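Report on the following structure.
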Amino acid sequence: MSAAINPTITALKESSTLAINLKAKKKKWEGQSICHFGFGESPFPIAKGITQALSENADKKAYLPGSGLPELCQAVADYYKKEFAYGYNKNNVLIGPGSKELLFQLLYLLEGMVLIPEGSWVSYKPQATLLGKKTHILQTFSKDNYTLTAKTLQHFCASLSPIEQQKQKVLILNSPNNPTGSIYPDNELKKLAEICQRYRIIVISDEIYAKVVFGDKVHTSIAYYYPEGTIVTGGLSKLFSAGGYRLGVALIPNALSSLYDAMKILISETYSSVSAPIQYAALYAYGQFAMISAYLAKCTRIHQTAIYYVHAKMTELGILSTSPEGAFYLLVDFTPFKEMLYQKGIQTSHELAHFLLEKLNIATLAGSEFYFPENKLCLRLAITDYDGEHVLNHFDAITTISTEQFISEFMPNIYQGITRLSNWVTSELKECIKQ
Ligand SMILES: Cc1ncc(COP(=O)(O)O)c(C=O)c1O
């Protein structure tokens, strides 16, 4: 017997990030030495206070309100007020089983075409497709570190018919960004906000990497300039290194209270509420943030060290790379080696990713998974393949040895991956240039 399946799913495949993770893990189990740049999972232990709160609340077995544990909603609102100066209160907060599920539910409820900038997270478009939504990919450029500009959005909106211009649309922005590691410039967000207001665009601002920011960069948000039309999402997965806890948050402004009410109905008919012990653990994470912020800042400095190192190496090799500003990623572009890659039969980002995995045991993700054209020879590198606890324990060594030495000793998979890539580029690609 075979089951008749909703045909919208047949247009999709398993999420590419999860698929590459399984493929790389399988190769590892087979004994191959894999350098895993394919999957962005924070490698650090969860802060002790959070795990302790989880175990102390293991007996919390009652269903909680669908919108979330009231104390947690309050703590989340306070956290966003204190850390980012947002004006949400506890009645604007929803707790979900990961921000991915909240994004799906928001997209389900919000009418209108979904606008996605090139260089956006892999799941936005498949989610919209599953929900039967029309999507449009907005072009971005390397000179802007692949952030969407107001000019591009304005140009797109002006090209719509007058009826379409007045219909609601949804734009998903993500800063700090996966796959590029870029942060939206504040002045551009201000201009984007004006266009969103003018053309009836509701913004979902995916801020799951907020606070994973490097050097003198600061996280900023379109929510400052367009609070009435912006929904902010976040959660425990990235900054708090707790992806497996599956806890996400959404902040829906008062002006969109009908959406908030609709979400509560949808939650009540779908996941009911997030696991109670996990919500108590999250209550510690958000409520006692000051107790763990130094620890989290240290984790972010380690991300920065690894990512700056990879960025410098890419630049040395002549591979184009986005400027690292935050999150766990870099987008690298092999276009300067296009001719040599063509000679080897590599013409697409998938072919490049496949080659690196099969021939060099380096797992990456093809740029086309992030909505870049398939023939743009770019890859996303997730730079998290190291033992976070070990690195934390030895991070002080960075002051006494060179970054290169530190990476080779404490992040050997990253070091090996970059060394393999360098050897291949210098021996085979640069060699081709000489011929
Ligand atoms: C940009 C972005 N948004 C959302 C998510 C989903 O996070 P969560 O674990 O909260 O579902 C991820 C996870 O990789 C992500 O990279």
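This one's a predicted model, so the numbers in the text were calculated from it and none came from an experiment. When a ligand or atom number is given, it counts from 1 through the structure's own listing order.
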Is the distance between the ring centroids of F370 and Y146 less than 6.0 Å?
no
Using a strict cut-off of less than 4.0 Å between a Lys/Arg side-chain nitrogen and an Asp/Glu carboxylate oxygen, indicate whether E194 and K191 qualify as a salt bridge.
no
Relative to ligand 1, is S99 under 4.0 angstrom through side chain, backbone, both or neither, heavy atoms considered?
both
How are the rings of F410 and F406 set relative to one another: parallel (under 30°), tilted (30 to 60°) or perpendicular (over 60°)?
tilted
Could you check atom 13 (C) of ligand 1 against the protein and tell me its nearest heavy-atom contact, residue, atom and distance included?
K238 NZ, 3.1 Å
Please determine if Y329 has a nitrogen or oxygen closer than 3.5 Å to a nitrogen or oxygen of ligand 1.
no
Does an N or O from Y124, backbone or side chain, lie closer than 3.5 Å to an N or O of ligand 1?
no
Which residue and heavy atom of the protein sit nearest atom 11 (O) of ligand 1, plus the separation:
R246 NH2, 2.8 Å
Pick from L256, I231, L102: which one makes a side-chain contact (heavy atoms from CB on, under 4.5 Å) with M263?
L102
Nearest option to atom 5 (C) of ligand 1, as decided by whichever heavy atom of F39, F104, W121 sits closest
W121
Nearest to atom 9 (O) of ligand 1, what protein heavy atom do you find, and at what distance?
S237 OG, 2.5 Å
Within ligand 1, which atoms have a heavy atom of D206 less than 4.0 Å away?
1 (C), 2 (C), 3 (N), 4 (C)
What I want to find out is whether E369 reaches R380 closely enough, with some N-O distance under 4.0 Å, to be called a salt bridge.
no
Can you find a non-hydrogen atom of G98 under 4.0 Å from ligand 1?
yes
Could you tell me if the ring centre of Y86 sits under 6.0 Å from that of F84?
yes
Enumerated ligand 1 atoms positioned under 4.0 Å from heavy atoms of N174:
1 (C)
Tell me whether K60 forms a cation-pi arrangement with Y280, defined as NZ or CZ under 6.0 Å from the six-membered ring centre and within 45 degrees of its axis.
yes
At under 4.0 Å between heavy atoms, which part of E101 makes contact with ligand 1: side chain, backbone, both or neither?
neither
The single option from K81, K82, Q74 that satisfies side-chain hydrogen bond (donor to acceptor under 3.5 Å, both in side chains) with D78 is Q74
